[in-house]
Amino acid sequence: ILDDPDLKDIDPTILKHCHAAAATCILEAGKQKADISAISTCLEDCKLDKERIEQFCTEYQKNKDALEILLGSIGRSPLHITDVFWRLEYQIKNNQLHKTFQPSYLVTLNVENSDSGSHPDVSFSCTMEQLQDLVGKLKDAAKSLERATQM
């Protein structure tokens with residue numbers, strides 16, 4: 001997408017966000033087995049014009065069966081975390097070369113899927129506050145599980 005000459009004047013960051021939003025919309029529509037009227041209503045709420053909505057729905061309808069097959073092949077069981085690695089990253093400048101001095105954590109979760117037995121890694125970046133929130137939620141989940149097993 002970034003190499004498309006028609007899109008060269010658009011900021012790459014905005015283009016990536018738009019691509020992610022479109023992919024998420026398609027994925028959720030496929031997961032929910034949404035019909036065209038539901039998709040149209042959602043896109044109208046997002047203020048897309050009628051022509052783009054019709055074009056999107058036409059392309060979605062053409063590829064709906066292939067999408068459902070692909071989603072069905074992913075698997076149903078949740079991933080199991082086997083190990084966690086992390087490191088501190090310190091961002092000095094942003095894309096516009098402004099000094100930011102923002103620390104963040106790069107976290108990699110080693111996971112396995114009981115369906116396929118594969119071991120893909122799940123990686124994400126977060127701030128200290130987000131990491132503290134995640135740790136707090138994990139502690140809450142562990143306490144809930146502990147209480148449930150004692151009953």
Side-chain angles (χ1 to χ4, degrees), residues 1-87 89-138 140-141 144:
I1 287 179
L2 295 175
D3 297 333
D4 190 329
D6 294 335
L7 304 174
K8 67 179 179 175
D9 296 330
I10 299 174
D11 179 15
T13 305
I14 293 173
L15 198 55
K16 287 178 184 178
H17 285 289
C18 291
H19 185 268
T24 301
C25 180
I26 293 165
L27 178 67
E28 286 300 317
K31 280 173 44 179
Q32 303 295 326
K33 297 190 182 218
D35 61 356
I36 297 302
S37 64
I39 296 170
S40 295
T41 302
C42 180
L43 295 176
E44 285 170 3
D45 291 344
C46 293
K47 308 288 189 244
L48 264 69
D49 60 51
K50 292 280 186 193
E51 182 181 313
R52 288 183 195 256
I53 293 172
E54 288 175 13
Q55 184 179 7
F56 182 90
C57 289
T58 301
E59 290 300 316
Y60 177 80
Q61 198 64 34
K62 282 183 199 174
N63 297 294
K64 183 178 180 181
D65 293 335
L67 176 65
E68 288 178 359
I69 290 169
L70 180 64
L71 289 175
S73 71
I74 292 173
R76 301 252 184 249
S77 65
L79 299 175
H80 175 73
I81 298 173
T82 58
D83 205 354
V84 178
F85 298 97
W86 64 272
R87 73 171 198 242
E89 177 182 66
Y90 200 72
Q91 182 180 1
I92 298 171
K93 295 182 180 180
N94 63 13
N95 291 350
Q96 290 79 26
L97 299 177
H98 298 289
K99 293 183 179 183
T100 57
F101 302 112
Q102 294 179 340
S104 64
Y105 291 92
L106 296 175
V107 180
T108 301
L109 305 175
N110 286 17
V111 295
E112 63 182 23
N113 188 331
S114 61
D115 285 348
S116 65
S118 63
H119 299 278
D121 288 343
V122 176
S123 298
F124 59 93
S125 177
C126 59
T127 65
M128 182 170 48
E129 293 82 17
Q130 291 169 325
L131 187 58
Q132 287 172 337
D133 184 47
L134 175 62
V135 169
K137 288 179 181 178
L138 289 173
D140 290 345
S144 295

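Heavy atoms only: backbone and side chains are in, while hydrogens, waters and symmetry mates are out. For this chain, numbers begin at 1 and follow the sequence in order.
Residues passing the side chain to side chain contact (heavy atoms under 4.5 Å, CB included) test with Glu54, sequence neighbours excluded: none. Here Glu44 pairs with Lys50 under the side-chain hydrogen bond (donor to acceptor under 3.5 Å, both in side chains) rule; sequence neighbours left out. Taking Asp83 as the reference, nothing meets the salt bridge (Lys or Arg N to Asp or Glu O under 4.0 Å) condition, with sequence neighbours excluded.
A donor-acceptor pair is defined here as one N or O able to donate and one able to accept, closer than 3.5 Å; such a pair exists between the side chain of Asp49 and the backbone of Arg52.
Thr82 and Val111 get closest at one heavy-atom pair: OG1-N, 4.1 Å. Taking all atoms of both residues into account, the shortest heavy-atom contact from Ser125 to Glu89 is OG-OE1, 4.4 Å. Nearest heavy-atom pair across Leu43 and Phe56 is CD1-CD2, 3.5 Å. Nearest heavy-atom pair across Cys126 and Leu131 is SG-CB, 3.8 Å.
Lys62 has its side chain within reach of Thr58: a pair of non-hydrogen atoms, C-beta onward, lies under 4.5 Å apart.
A donor-acceptor contact closer than 3.5 angstrom is absent between the side chains of Asp121 and Ser123.
Atom CG of Leu106 has more than 12 neighbouring heavy atoms from other residues, nucleotides or ligands inside a 6.0 Å radius.
Between Tyr105 and the choices Tyr90, Trp86, Phe124, the ring-ring contact (aromatic ring centres under 6.0 Å, His included) rule is met once, by Trp86.
Note that CD1 of Ile26 is 14.0 Å distant from NZ of Lys31, once rounded to the nearest 0.5 Å. Taking CD of Gln130 as the reference point, atom CD of Gln132 lies at 10.5 Å (rounded to 0.5 Å). Ile39 CD1 to Lys64 NZ: the interatomic distance, rounded to the nearest 0.5 Å, is 7.0 Å. Between the NZ atom of Lys137 and the CG atom of Asp140 there is a distance of 9.5 Å, given to the nearest 0.5 Å. Taken to the nearest 0.5 Å, the CG atom of Leu138 stands 9.5 Å off from the CG atom of Asp133. With rounding to the nearest 0.5 angstrom, the OG atom of Ser40 is 11.5 Å from the OH atom of Tyr60.
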